[in-house]
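Take a look at the structure below.
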Amino acid sequence: MLHQLTYFIKIAEERSFTSAAKSLFVSQPALSKQMKKLEEEIGFSLFNRSVKGVELTTKGKAFYEDIRPLFSQINQTVDRYKKFDQIRFGSTPMLSTYFLPGFYKKLQYSNVNVTAIREDSLDLVPLLKAHEIDAALVQNTAAIEGMYSTFLFSEPFVAAIPTSKTRAGKNEITLNECFSYTQIIPPTGYLSEQVRGLLSDHLFEGDVLETHYLGMGGLVSLGIGVAYLPKMMADAIEQKGVTFLPLKGEPLRREMYLHTNSPDLLKLLSQSFT
């Protein structure tokens with residue numbers, strides 16, 4: 001029916017079967033046959049034919065006004081998809097593991113390929129500026145010069161606490177409670193900087209242990225200390241010996257922004273992440 005509706009819209013715009021047939025590169029008899037089939041299928045007449053040409057029936061005009069915007073949107077979407085043979089995408093191991101998989105079905109139709117992985121999303125910015133990648137998710141960076149950007153989502157960090165040290169029935173924890181334990185943080189990056197700032201503000205005098213993001217949970221499970229992880233990761237994993245608790249007041253949060261090298265690509269990917 002899709003091609004029949006396309007024919008119908010063209011005839012309505014041209015107000016002529018002859019002119020529409022030329023524009024569509026089909027014969028006029030074939031076009032008339034398709035319109036007859038469409039009218040039989042939808043159950044009402046679309047056109048009033050006379051020696052002066054073709055006019056829409058009252059119902060045909062209402063039908064046209066309803067479906068024309070839909071076809072315009074479809075054509076725009078098709079055009080955007082056709083523009084990009086391959087979209088080179090930058091991400092972090094965390095986002096590639098716990099965020100992107102939820103959108104892979106949409107992304108695969110957009111020809112998105114993750115071609116750059118960096119531990120810190122800020123390290124993707126030079127790749128964007130050098131046009132080595134076409135798009136990336138970057139943390140806490142609302143704008144990048146020369147790029148087209150939009151806010152994507154915000155999420156808190158939660159505390160990963162040794163289960164052996166967690167009080168039964170507890171549903172959140174304060175920073176002061178967390179600071180009574182050894183702090184397990186990444187060596188660099190946004191989380192490291194934010195936690196170190198909070199430790200300084202609270203005059204923390206305890207031990208700080210640095211390790212890779214993906215290794216923090218293992219140290220927590222051994223009862224060594226407390227770590228902080230993005231909520232998306234905590235929601236996706238279960239680790240023996242580790243209890244995830246929200247931080248009271250959400251003192252640690254991050255905002256993720258989508259950056260692309262063209263407005264059309266920004267619109268396409270924004271739709272893919274919804």
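What you see is a predicted model; the values in this text were computed from it and never measured.
With hydrogens and angles disregarded, a donor-acceptor distance shorter than 3.5 Å links the side chain of Thr274 to the backbone of Gln271. A donor-acceptor contact shorter than 3.5 Å is absent between the side chain of Ser19 and the backbone of Glu14. Listed for the Ser272 side chain is no donor-acceptor partner under 3.5 Å among the backbone atoms of Ser270. In this structure a side-chain-to-backbone donor-acceptor pair under 3.5 Å is missing from Ser96 to Pro93. The closest donor-acceptor contact from the side chain of Ser32 to the backbone of Gln28 lies under 3.5 Å. With His202 contributing its side chain and Phe204 its backbone, the two residues share no donor-acceptor pair below 3.5 Å.
Once rounded to the nearest 0.5 Å, the distance linking CD1 of Ile87 with CG of Leu265 reads 5.0 Å. Between atom CE of residue Met256 and atom CG of residue Leu137 there is a gap of 5.0 Å, rounded to the nearest 0.5 Å. Taken from CZ in Phe99 to OG in Ser91, the straight-line distance is 9.0 Å, to the nearest 0.5 Å. The NZ atom of Lys36 sits 14.0 Å away from the CG atom of Leu46 when rounded to the nearest 0.5 Å. Summarising the geometry, atom CE belonging to Met232 is positioned 9.0 Å from atom CZ belonging to Phe157; distances are rounded to the nearest 0.5 Å. Rounding to the nearest 0.5 Å gives a distance of 12.5 Å between NZ of Lys267 and OG1 of Thr150.
In the hydrophobic clustering, where aliphatic and aromatic side chains (Ile, Leu, Val, Met, Phe, Trp, Tyr) are joined below 4.5 Å either directly or transitively, Phe151 groups with Tyr257.
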Checking Leu38 against Leu5 for the side chain to side chain contact (heavy atoms under 4.5 Å, CB included) test, could you report, in this order, the C-alpha distance in whole Å, the side-chain angles of both residues, the deciding distance, and whether it holds?
CA-CA 8 Å; Leu38 178 60; Leu5 292 174; 4.1 Å; yes

Test Gln86 against Arg88 for side chain to side chain contact (heavy atoms under 4.5 Å, CB included), laying out the working first.
CA-CA 6 Å; Gln86 182 191 45; Arg88 300 166 299 170; 4.0 Å; yes

Glu210/Thr188 under side chain to side chain contact (heavy atoms under 4.5 Å, CB included): CA gap, chis, key distance, verdict
CA-CA 9 Å; Glu210 294 181 352; Thr188 60; over 6 Å; no

Quick one, Asp207 with Gln183, criterion side chain to side chain contact (heavy atoms under 4.5 Å, CB included). Give me CA distance, side-chain angles, the key distance, then yes/no.
CA-CA 6 Å; Asp207 294 328; Gln183 300 293 290; over 6 Å; no

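Considering Leu100, Asn113, Asp134, Thr115 as possible partners of Phe89, the one that fulfils the side-chain contact (heavy atoms from CB on, under 4.5 Å) test is Leu100. When the options Lys248, Lys165, Lys170, Arg167 are evaluated for a side chain to side chain donor-acceptor pair (under 3.5 Å) with Glu177, the one that passes is Lys170. When the options Asp264, Leu258, Thr260 are evaluated for a side-chain contact (heavy atoms from CB on, under 4.5 Å) with Tyr148, the one that passes is Thr260.
Closest approach of Ala236 and Tyr98 over heavy atoms only: CB-CD2, 3.5 Å. Pairing each heavy atom of Leu245 with each of Ile161, the nearest pair is CD1-CG1, 4.3 Å. A pairwise comparison of heavy atoms in Tyr228 and Cys178 identifies OH-CB, 3.3 Å as the closest pair. Between Leu124 and Gly90, the shortest heavy-atom distance links the atoms CD1-C, 3.6 Å. In terms of heavy-atom proximity, His259 sits nearest to Ser149 at ND1-OG, 2.6 Å. Heavy-atom minimum distance, Ile117 versus Thr92: CG2-C, 4.2 Å.
Residues Leu247 and Ile173 meet the side-chain proximity criterion, which asks for heavy atoms closer than 4.5 Å. Side-chain contact check for Met216 versus Pro186: some heavy-atom pair is nearer than 4.5 Å. Between Leu199 and Phe179 the shortest side-chain heavy-atom distance falls below 4.5 Å.
At a threshold of 4.5 Å between side-chain heavy atoms, the hydrophobic network of Ile, Leu, Val, Met, Phe, Trp and Tyr places Leu95 and Leu128 in two separate groups. Placement of Met94 and Val138 in two distinct hydrophobic clusters is found when ILVMFWY residues are connected by side-chain heavy-atom separations under 4.5 Å, directly or transitively. Hydrophobic clustering of Ile, Leu, Val, Met, Phe, Trp and Tyr side chains at less than 4.5 Å, counting indirect connections, keeps Ile133 apart from Phe273. Hydrophobic clustering (side-chain heavy atoms under 4.5 Å, transitive across Ile, Leu, Val, Met, Phe, Trp, Tyr) groups Ile185 together with Met233. Under a hydrophobic-cluster definition in which Ile, Leu, Val, Met, Phe, Trp and Tyr are linked whenever side-chain heavy atoms come within less than 4.5 Å, directly or via other members, Leu266 and Ile144 are assigned to different clusters.
A tilted orientation is assigned to the rings of Phe63 and Phe8, their planes being inclined by 30° to 60°.
Around atom CZ of Arg15, no more than 12 heavy atoms belonging to other residues, nucleotides or ligands sit under 6.0 Å away. The 12-atom threshold is exceeded at CD of Glu40, counting heavy atoms of other residues, nucleotides or ligands nearer than 6.0 Å.
Looking at residues two or more places apart in sequence or on another chain, you find a ring-ring contact (aromatic ring centres under 6.0 Å, His included) between Tyr7 and His3.
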